[in-house]
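Treat the numbers as computed from the prediction; the structure is a model and nothing was measured. Worth knowing before you read on, the calculation uses all heavy atoms, side chains too, and leaves out hydrogens, waters and symmetry mates.
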Amino acid sequence: MPDKKRLAADLLGKIVLSRFLEIPLRAFDRLVKKGEQSPQFDALKSALTVRQLPGTQTAPQVLPEAQRALGHAVLVDGDVTFFHHSESYGREYLFDEEILADILARSANSMELARLVRHLRLINTRNRISCAIVRKLIETQADYVRSANPLALRPFSQAQVSAALRAEAGIKVIVDEGRISRLIRKLSIILPGGKEVDLRSLCPKPRQVHYYFVDHVIKNERALMMEGIIRAPLKDGEIAAEIGKKFAARLSRRSVAYIRHDLGIPDYRDRGHKGGYLTATTDFSSLLPLTRQSVLAGAPSEPGVYEIRTQDVQTGVCSVVYIGSAGDLRKRLGDHLRGSSGNPSLMQIIAAGAKFRYRLVCDGWRALERHVYLAFCTTFGVPPACNRMSP
């Protein structure tokens, strides 16, 4: 019976920690500050040493729009230094267990004090995990952090992050894959150039890195043809060979074909005679599912041009059905999802499942929309199926 009670307590503790790791960043900051301003905290001061985790630094000034960013990286003589956006994110509480036990035994408010102690220990665990993860990710992805070039990313999955941290001496908490996933799913950091990136993007699996390689080789293909280095678009096997030479990564021809399909890139035959539209959309993003979650996570509230495709690809039929532009891409795509665009044929396709990709444009997005639209008409001989008029 005691073993069952112990098991239940351990399980409850894991559930509580899991939920605590998922607290949004700003709410966590408020929770830390509220705890330190409470009378219960004053009552525990003789048993507490409050400090910042070793090696952590706090930024003197934080931009107000950095709501999800744990901190920002700065280059100092070529080395990356990370600054947290609040002291709360690096806070650590050290307990004198004997004094703490005496305070709890003598206090009339022992339940409230014990509750605060549990919160402080949870804060310790969360901050130790987050600081260890950020340090390891910046160390492993240093080339990417410096350059913001996705081609510099190294495959480093969450399972690999966990294994690397478990192998280190001095880590006081268990950093398993589940805890990493719960903690970083809503967190980001700001790179030295000012780009904000999700922490999850620093934990790519090999296939995710291969997407960047395939995209790069195909986008570079047109320049090679213009210079006469190659005479025709590369076949999938040739793309795999080029990736092997440039990035020392081994991909099969079939893997390249799967990735190319996911990126919405035609095969070498179509690229040979449909280069007009391909060239016009060179700087578009990767294809994303046109769902509410994907739009909120992947489409910025900035001006640009976008393309909508059908979910299924049919041989010999272009899957692009709509080309548009907007001053706020996220809002416009959300309007399409809500069916408020007044385009019944497009609404029907979106309801059946669609994909989108986009390109950000600071100024002149309407002009770029027209350029892309005319490139489509020239390449395929007809306008996109759901565009009811020329832009």
Side-chain angles (χ1 to χ4, degrees), residues 12-74 81-97 99-100 103-104 107 109-138 165 170-176 178-190 196 198-200:
L12 179 61
K14 290 178 180 178
I15 293 172
V16 171
L17 176 58
S18 295
R19 292 178 177 175
F20 196 80
L21 294 176
E22 294 175 337
I23 295 175
L25 203 57
R26 296 308 179 199
F28 175 74
D29 187 33
R30 291 193 297 269
L31 184 149
V32 173
K33 292 174 178 175
K34 181 179 178 181
E36 293 188 358
Q37 294 167 1
S38 68
Q40 290 83 8
F41 189 83
D42 289 335
L44 293 173
K45 278 188 175 179
S46 60
L48 277 177
T49 299
V50 182
R51 69 172 189 176
Q52 294 302 105
L53 283 162
T56 62
Q57 300 183 66
T58 304
Q61 186 175 5
V62 180
L63 296 175
E65 62 266 23
Q67 296 295 314
R68 297 175 62 248
L70 191 64
H72 63 268
V74 175
T81 301
F82 187 76
F83 291 92
H84 285 88
H85 284 170
S86 171
E87 290 186 350
S88 301
Y89 309 152
R91 188 71 96 218
E92 183 178 42
Y93 306 98
L94 303 180
F95 295 91
D96 185 313
E97 299 296 344
I99 297 176
L100 177 61
I103 292 174
L104 294 176
S107 175
N109 298 317
S110 59
M111 291 184 64
E112 288 81 2
L113 294 179
R115 186 179 297 113
L116 178 59
V117 169
R118 288 194 295 272
H119 271 267
L120 297 181
R121 294 190 194 277
L122 286 169
I123 291 167
N124 281 349
T125 300
R126 173 172 168 140
N127 284 346
R128 287 165 183 165
I129 292 175
S130 67
C131 290
I133 291 171
V134 170
R135 174 183 55 78
K136 180 57 66 175
L137 290 178
I138 289 178
L165 292 175
I171 301 294
K172 298 180 180 180
V173 291
I174 297 174
V175 190
D176 61 34
R179 290 178 179 179
I180 292 173
S181 176
R182 287 184 175 87
L183 180 58
I184 72 174
R185 67 178 57 169
K186 296 180 181 178
L187 298 182
S188 64
I189 64 171
I190 297 175
E196 184 174 357
D198 289 342
L199 278 181
R200 288 185 299 182

Could you grab the distance from atom [atom1] of [X] to atom [atom2] of [Y], nearest 0.5 Å is fine?
X      : Y      : atom1 : atom2 : result
Glu92  : Thr49  : CD    : OG1   : 10.0 Å
Leu53  : Ser130 : CG    : OG    : 8.0 Å
Glu36  : Leu116 : CD    : CG    : 9.5 Å
Gln40  : Lys45  : CD    : NZ    : 13.0 Å
Ile184 : Leu21  : CD1   : CG    : 11.5 Å
Leu44  : Leu120 : CG    : CG    : 7.0 Å

Val175 vs Arg128, side-chain contact (heavy atoms from CB on, under 4.5 Å): CA-CA, chis, key distance, verdict: CA-CA 9 Å; Val175 190; Arg128 287 165 183 165; over 6 Å; no
Side chain Ser38, main chain Gly35, donor-acceptor under 3.5 Å: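 At least one qualifying donor-acceptor pair exists.
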Do [X] and [Y] come close enough that some side-chain heavy atom pair is under 4.5 Å?
X      : Y      : answer
Leu183 : Arg126 : yes
Ile174 : Ile129 : no
Arg68  : Leu187 : no
Lys33  : Ser88  : yes
Lys186 : Leu25  : no

One thing to verify: whether Glu22 and Arg185 come together as a salt bridge, which I'm taking to mean a side-chain N less than 4.0 angstrom from a carboxylate O.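 Yes, Arg185 and Glu22 are salt-bridged.
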I'd like to check the side-chain hydrogen bond (donor to acceptor under 3.5 Å, both in side chains) partners of Arg121; sequence neighbours left out, ordered by chain and number.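 Partners of Arg121 under the side-chain hydrogen bond (donor to acceptor under 3.5 Å, both in side chains) test: Glu97.
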Using distance alone, with no hydrogens and no angle criterion, decide if Asp198 and Ser188 have a side-chain donor and acceptor under 3.5 Å apart.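 On atom types as modelled, these side chains do not qualify, holding no pair under 3.5 Å.
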Hey, what's the ring geometry for Phe28 with Phe20, parallel, tilted or perpendicular (30° and 60° as the breaks)?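 Rings of Phe28 and Phe20: perpendicular, as their planes differ by over 60°.
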Within the 6.0 Å centroid threshold, strictly below: Phe82 and His84: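 Distance test on ring centres: under 6.0 Å, yes.
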So which atom in [X] and which in [Y] form the shortest heavy-atom distance, rounded to 0.1 Å?
X      : Y      : result
Cys131 : Gly90  : SG-CA, 4.4 Å
Leu165 : Ala132 : CD2-O, 3.8 Å
Ser46  : Ile103 : OG-CD1, 3.3 Å
Ser86  : Asp29  : OG-OD1, 2.9 Å
His85  : Ala69  : ND1-O, 3.3 Å
Asn109 : Ser107 : N-OG, 2.9 Å

When Tyr93 is tested against each of Val50, Asn127, Val117 for side-chain contact (heavy atoms from CB on, under 4.5 Å), which residue passes?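 That would be Val50.
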Could you check Leu48 against Leu94 for side-chain contact (heavy atoms from CB on, under 4.5 Å), going step by step and ending with a plain yes or no? CA-CA 6 Å; Leu48 277 177; Leu94 303 180; over 6 Å; no
Decide yes or no on side-chain contact (heavy atoms from CB on, under 4.5 Å) for His72 and Ile189, but give the supporting numbers first. CA-CA 5 Å; His72 63 268; Ile189 64 171; over 6 Å; no
One pair to check against side-chain contact (heavy atoms from CB on, under 4.5 Å): Tyr89 and Thr56. What are the steps and the verdict? CA-CA 9 Å; Tyr89 309 152; Thr56 62; over 6 Å; no
Taking side-chain contact (heavy atoms from CB on, under 4.5 Å) as the test, write out the residues that go with Glu87, two or more places apart.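 Here the qualifying residues are Gln52, Thr58, Arg91.
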